[in-house]
Amino acid sequence: MDAKGTAVVTGASRGIGRAVAIELARRGFDVIATMRDPDAGAALAEESSGATGSLRVERLDVTDPSTINLPDGLRVLVNNAGVEDDNLPIEVMPIEIWRRLFETNVFGLVAVTQQAIPKLRANGGGVICNITSSSILAPVPFLAAYRASKAAVMALGESLVAEVAPFGIRVVEIMPGPIATDMLATSERPSAAIEHEQYRAMAEHMWESRKGIRDLHTPTADAARDIADAILDDDGPLRYGCDPLSNGLLDAWRAAESDEMFLRSMLQGFTT
Ligand SMILES: NC(=O)c1ccc[n+]([C@@H]2O[C@H](COP(=O)([O-])OP(=O)(O)OC[C@H]3O[C@@H](n4cnc5c(N)ncnc54)[C@H](OP(=O)(O)O)[C@@H]3O)[C@@H](O)[C@H]2O)c1
C-alpha cells in the first residue's frame, strides 16, 4: 500500500505506540495518535515536525467504548495499547489481574477492531496491525496471564486474516522482544514469584537470565521503523519481529523441526 490516508495508533502516549505514530507520519500517513490522556501527546506534533504526513492527537481508551470513534478515511489501524502486571505463578496469580490484562489487551483490542473493519472495507481495504509479544513463543514462567492475553490476539488475528482478506484488509502481527519502554523498565526486577518459596529458585534463575539480555534492549524508534516497514510490506507474512531478539526467536520457531522440539529447547533455558 502507499503511505497515504489515515492511520490510527492506540496507546500512542508513550513507548512503542508513540514512536510508531511519529514514524507513520514520517512515511506520509495522516496519523491520529490516540491515548487515554491527550495532554501526554502535547509535544507529539513538534516531535513529528518535518514529516511528509500529519499527526494529531485524540482521546481513546480501548476499555471505554464511548471513546472509540475511528475516522471514515481509515487505512491503517495499529492496535498497540497494552498493559502488563506483576509476574506470578499461575497458582497464585489473582483472577482480577487476569481480567485486567484481558480487558485491555484482548477485549479493548476487539472493540477497536470491530469498529475498524467496516471503515477499512468501505475504503477498499487497508491494514490492521496487532502488537502481540515474542514471549508467546517461549514458555516463560510467571508470565502466563500476559502471554495468554497476547496469544488470544495471535489466535484472533489468524481468524481475522481469513475473514477480512476478501475485503482487501491485510492483518499484520508484530511480536516485539525487549523494546526500551516504561513497560520494559517496570519489569526489570526479580519476579514477584520470588516471594513464593516453591518458585523462588526458578524466579532467581529467571532474574539472572534476564540481566543477560540487557544489551538487546532496542530503542523504540528502531522498532517503529521495522513496524512501519511491515505495515507497508504488501506481500509480506502475517508475523514479524521488530528487534534482534524477536527476529531471532521467530526465525528459530519457524525453523524448528516440530513445535514440541522447540518447546523443549526453550524449557531447558527456564529450568535451574
Ligand atoms: N516494550 C516491550 O518490551 C514489549 C515487548 C512485547 C510486547 N510489547 C507490547 O507493545 C505494546 C506497547 O508496549 P510499550 O512497551 O510501549 O508499553 P508502555 O510504554 O507501557 O505503553 C503502553 C501504552 O498503552 C497505553 N494504554 C494502556 N491501557 C490503555 C487503554 N485502556 N486505552 C488506551 N491506551 C492504553 C498506555 O497509555 P497510558 O500512558 O495512558 O498508560 C501507553 O500509551 C503493548 O501492547 C505491549 O504489550 C512491548
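Counting starts at 1 for both ligands and their atoms, following the listed order. Quick note: residue numbers are just sequence positions, from 1.
- The closest side-chain heavy-atom distance from M154 to M175 is below 4.5 Å.
- Salt-bridge check for E103 with R100: failed, with every basic side-chain N at 4.0 Å or more from each acidic carboxylate O.
- At least one N or O atom of S13, backbone or side chain, sits closer than 3.5 Å to an N or O atom of ligand 1.
- The nearest non-hydrogen atom to atom 16 (O) of ligand 1, considering only T186, T104, L101, I16, comes from I16.
- Nearest non-hydrogen protein atom to atom 17 (O) of ligand 1 is M183 CB, 3.4 Å.
- In terms of N/O distances under 3.5 Å, ligand 1 is not approached by D37.
- One option in N80, V153, I131, I179 has a heavy atom closer to atom 44 (C) of ligand 1 than any other, and that option is N80.
- Around CD1 of I213, the count of heavy atoms belonging to other residues, nucleotides or ligands within 6.0 Å exceeds 12.
- For ligand 1 and V83, the ligand atoms under 4.0 Å from any heavy atom of the residue are 27 (C), 28 (N).
- Between S187 and R210, the side chains place a donor N or O and an acceptor N or O closer than 3.5 Å (distance only, hydrogens not considered).
- Atom CD of E208 is surrounded by more than 12 heavy atoms from other residues, nucleotides or ligands within 6.0 Å.
- Every heavy atom of T10 sits 4.0 Å or more from the atoms of ligand 1.
- Checked by distance only, ligand 1 and G177 come closer than 3.5 Å through their nitrogen or oxygen atoms.
- The shortest separation from a heavy atom of N79 to ligand 1 is not under 4.0 Å, leaving the residue out of contact.
- Of the candidates I174, D182, T181, it is T181 that places a heavy atom closest to atom 14 (P) of ligand 1.
- Nearest protein heavy-atom contact of atom 27 (C) of ligand 1 is R36 NH2, 3.6 Å.
- Scanning the protein for heavy atoms near atom 32 (N) of ligand 1, the closest one is V62 N, 3.0 Å.
- Among A19, G11, G82, the residue whose heavy atom sits closest to atom 22 (C) of ligand 1 is G82.
- Between F142 and Y199, the angle of the ring planes goes over 60°, which puts this pair in the perpendicular group of the 30/60° scheme.
- Closest to atom 34 (N) of ligand 1 by heavy atom, among A81, A12, A40, G15, is A81.
- No side-chain donor from either of Y240 and D229 sits under 3.5 Å from a side-chain acceptor of the other.
- The shortest distance between side-chain heavy atoms of L184 and I179 does not fall below 4.5 Å.
- Counting non-hydrogen atoms of other residues, nucleotides and ligands closer than 6.0 Å to CZ of R99 gives a total of 12 or fewer.
- The pair K150-E84 fails the salt-bridge criterion, with no side-chain N (NZ, NE, NH1 or NH2) lying under 4.0 Å from an Asp/Glu carboxylate O.
- Between S134 and ligand 1, not a single N/O pair is under 3.5 Å apart.
- Among protein heavy atoms, atom 20 (O) of ligand 1 sits closest to R14 NH1, 3.3 Å.
- Proximity of T132 to ligand 1 is established by a heavy-atom distance of less than 4.0 Å.
- With respect to atom 8 (N) of ligand 1, the closest heavy atom belonging to the protein is Y146 OH, 3.6 Å.
- Taking 4.0 Å as the cut-off, K150 counts as a neighbour of ligand 1 on heavy-atom distance.
- In summary, of the residues considered (N105, T132, T104), a side-chain hydrogen bond (donor to acceptor under 3.5 Å, both in side chains) with S149 occurs for N105 alone.
- For ligand 1 and P178, the ligand atoms under 4.0 Å from any heavy atom of the residue are 3 (O).
- R59 and D64 are joined by a salt bridge, as a carboxylate oxygen and a charged side-chain nitrogen come within less than 4.0 angstrom of each other.
- Numbered from 1 in the order shown, with element, the atoms of ligand 1 that lie under 4.0 Å from a heavy atom of P176 read 5 (C), 6 (C), 7 (C).
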